[in-house]
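Report on one structure; see the data block that follows.
Source: prediction; values computed, not measured.
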Amino acid sequence: MARQSTALPAAVRADAGTLWRYHVLDHPPRHTDVGIGLGSHDLGVADHTAALYLDGLFPLVVFTGAATPTTVGRFPRGEAVHYRERALALGVPADAVLVESHARNTGDNITLTRALLADRGVAVRTATLVCKPYQQRRAYATCLRLWPELDVRCSASHTELDDYLPAIGDPERVVHMLVGETQRVTAYAERGFTVAQDMPPEVDAAFRRLVEAGYTARLLPS
């Protein structure tokens, strides 16, 4: 669906807000063994990871992510590589950052980061997953499935949807992504990729209305 407007219709904005509030977990910050920055199109993940590191919330950062079809235009050398460069520019020392440059999905982010830390002999009991605000629910559920012994929390920039949309510069893309994330809560649990989670009726209804409105670019193929 091709849309060019920089502002969302009121009904779309309302439903997008419902999905946004569902996916943003707002776990309280705490000290952990490592911060794991999940690659995406959003460089703000690197900014937030750096801020948490500089606040002393973890002593080590892993950025994880390859160059994927949806991000290669912005991060041609790979998401994790560009995230590392951003973190170093913000004051994170180079020896505090590891790069995992092969992950192409959230499951890979978790399993390949776990393998990297094991290969480096880094003992990890607790971790902070840093990601896009609306990726928190799926990232958390994925980690609980794939690394169940890890004591994990999620963190993202404390950004409201109305601030996030202009920061990304493509409101329509964000709505497509929110719809895709919502579908994956159920679909990925059914496939064994994540733990199962409740979906309130109002979230399911908002999701369905947005699908009917044409926000389907990030839906899984049927």
Side-chain angles (χ1 to χ4, degrees), residues 12-30 32 34-42 44-45 48-49 52 62 64-65 68 70 103-114 124-161 164 168 173-213 215-222:
V12 170
R13 167 59 187 83
D15 285 337
T18 297
L19 300 191
W20 178 272
R21 290 186 294 274
Y22 174 64
H23 290 286
V24 173
L25 298 180
D26 276 334
H27 289 155
R30 64 170 186 179
T32 58
V34 63
I36 303 171
L38 306 185
S40 71
H41 66 273
D42 184 356
V45 174
H48 189 60
T49 306
L52 294 175
V62 179
T64 167
T68 67
T70 59
R104 301 183 67 81
N105 55 58
T106 307
D108 284 352
N109 290 142
I110 302 303
T111 57
L112 295 179
T113 295
R114 183 180 187 179
V124 175
R125 296 179 298 103
T126 60
T128 302
L129 292 181
V130 188
C131 56
K132 304 186 297 289
Y134 59 86
Q135 190 186 1
Q136 290 177 77
R137 181 172 291 277
R138 179 164 60 88
Y140 184 62
T142 302
C143 196
L144 291 180
R145 170 63 70 187
L146 298 178
W147 200 345
E149 66 272 29
L150 185 68
D151 187 359
V152 64
R153 294 293 183 272
C154 284
S155 185
S157 61
H158 294 287
T159 307
E160 297 297 330
L161 177 59
Y164 189 80
I168 293 300
R173 178 179 185 177
V174 174
V175 179
H176 284 290
M177 297 293 285
L178 282 166
V179 170
E181 287 287 341
T182 306
Q183 181 198 36
R184 283 161 175 77
V185 169
T186 301
Y188 279 7
E190 291 173 349
R191 299 179 188 188
F193 299 161
T194 66
V195 298
Q197 302 174 83
D198 291 334
M199 183 175 295
E202 65 272 18
V203 174
D204 183 62
F207 163 76
R208 293 179 184 278
R209 284 192 295 267
L210 289 171
V211 170
E212 291 173 0
Y215 289 93
T216 58
R218 291 292 295 169
L219 291 181
L220 297 167
S222 56

A187 to L220 - nearest heavy-atom pair and separation: CB-CD1, 3.7 Å

Worked verdict on Q183 versus F207 for side chain to side chain contact (heavy atoms under 4.5 Å, CB included): CA-CA 8 Å; Q183 181 198 36; F207 163 76; 3.9 Å; yes

Side-chain touch V152/W147, heavy atoms, less than 4.5 angstrom: no

Derivation of the side chain to side chain contact (heavy atoms under 4.5 Å, CB included) call for Y215 and V12: CA-CA 10 Å; Y215 289 93; V12 170; 3.6 Å; yes

From CA spacing to verdict: side chain to side chain contact (heavy atoms under 4.5 Å, CB included), L219, V179: CA-CA 7 Å; L219 291 181; V179 170; 3.7 Å; yes

A103 to T64 - nearest heavy-atom pair and separation: CB-OG1, 3.4 Å

Between OG1 on residue T113 and CG on residue L150, distance to nearest 0.5 Å: 10.5 Å

Within-4.5 Å side-chain heavy-atom neighbours: T182 and L210: no

Gap separating the OG1 atom of T18 from the CZ atom of R13, nearest 0.5 angstrom: 8.5 Å

Test side chain to side chain contact (heavy atoms under 4.5 Å, CB included) applied to L161 and V24, step by step: CA-CA 10 Å; L161 177 59; V24 173; over 6 Å; no

Pairwise distance CD(Q135) to CG(N109) - rounded to 0.5 angstrom: 7.0 Å

R153 side chain to T32 side chain, donor-acceptor N/O pair below 3.5 angstrom: no

Plane angle bin for Y134 and W20 - parallel if under 30°, tilted between 30 and 60°, otherwise perpendicular: tilted

Pairwise side-chain contact, H158 with D26, heavy-atom cut-off 4.5 Å (strictly under): yes

Donor on one side chain, acceptor on other, T128 and S155, under 3.5 Å: no

CG-CD distance between D15 and E202, expressed to the nearest 0.5 angstrom: 11.0 Å

Results of side chain to side chain donor-acceptor pair (under 3.5 Å) for R30 - residues two or more places apart only: D151

Closest non-hydrogen atom pair between V195 and A189, with its separation: O-CB, 3.9 Å

Residue pair H41 / I168, side-chain heavy-atom distance below 4.5 Å: yes

Nearest atoms (heavy-atom pairs only) where D108 meets R104: OD2-N, 3.2 Å

Rounded distance (nearest 0.5 Å) linking atom NE2 of H48 with atom NZ of K132: 14.0 Å

Minimal non-hydrogen separation, R173 against T70, with atom names: NH2-O, 3.4 Å

Value rounded to 0.5 Å, distance of CD in E181 from OH in Y22: 11.0 Å

Aromatic plane relationship, H27 with Y140 - under 30° parallel, 30 to 60° tilted, over 60° perpendicular: perpendicular

Minimum-distance pair of heavy atoms, taken over all atoms of L38 and C131: CD1-CB, 4.0 Å

Residues forming a salt bridge (Lys or Arg N to Asp or Glu O under 4.0 Å) with D42, sequence neighbours excluded: none

Of all pairs that satisfy side-chain hydrogen bond (donor to acceptor under 3.5 Å, both in side chains), the ones with a partner from residues 191-201, not counting sequence neighbours: R137-Q197

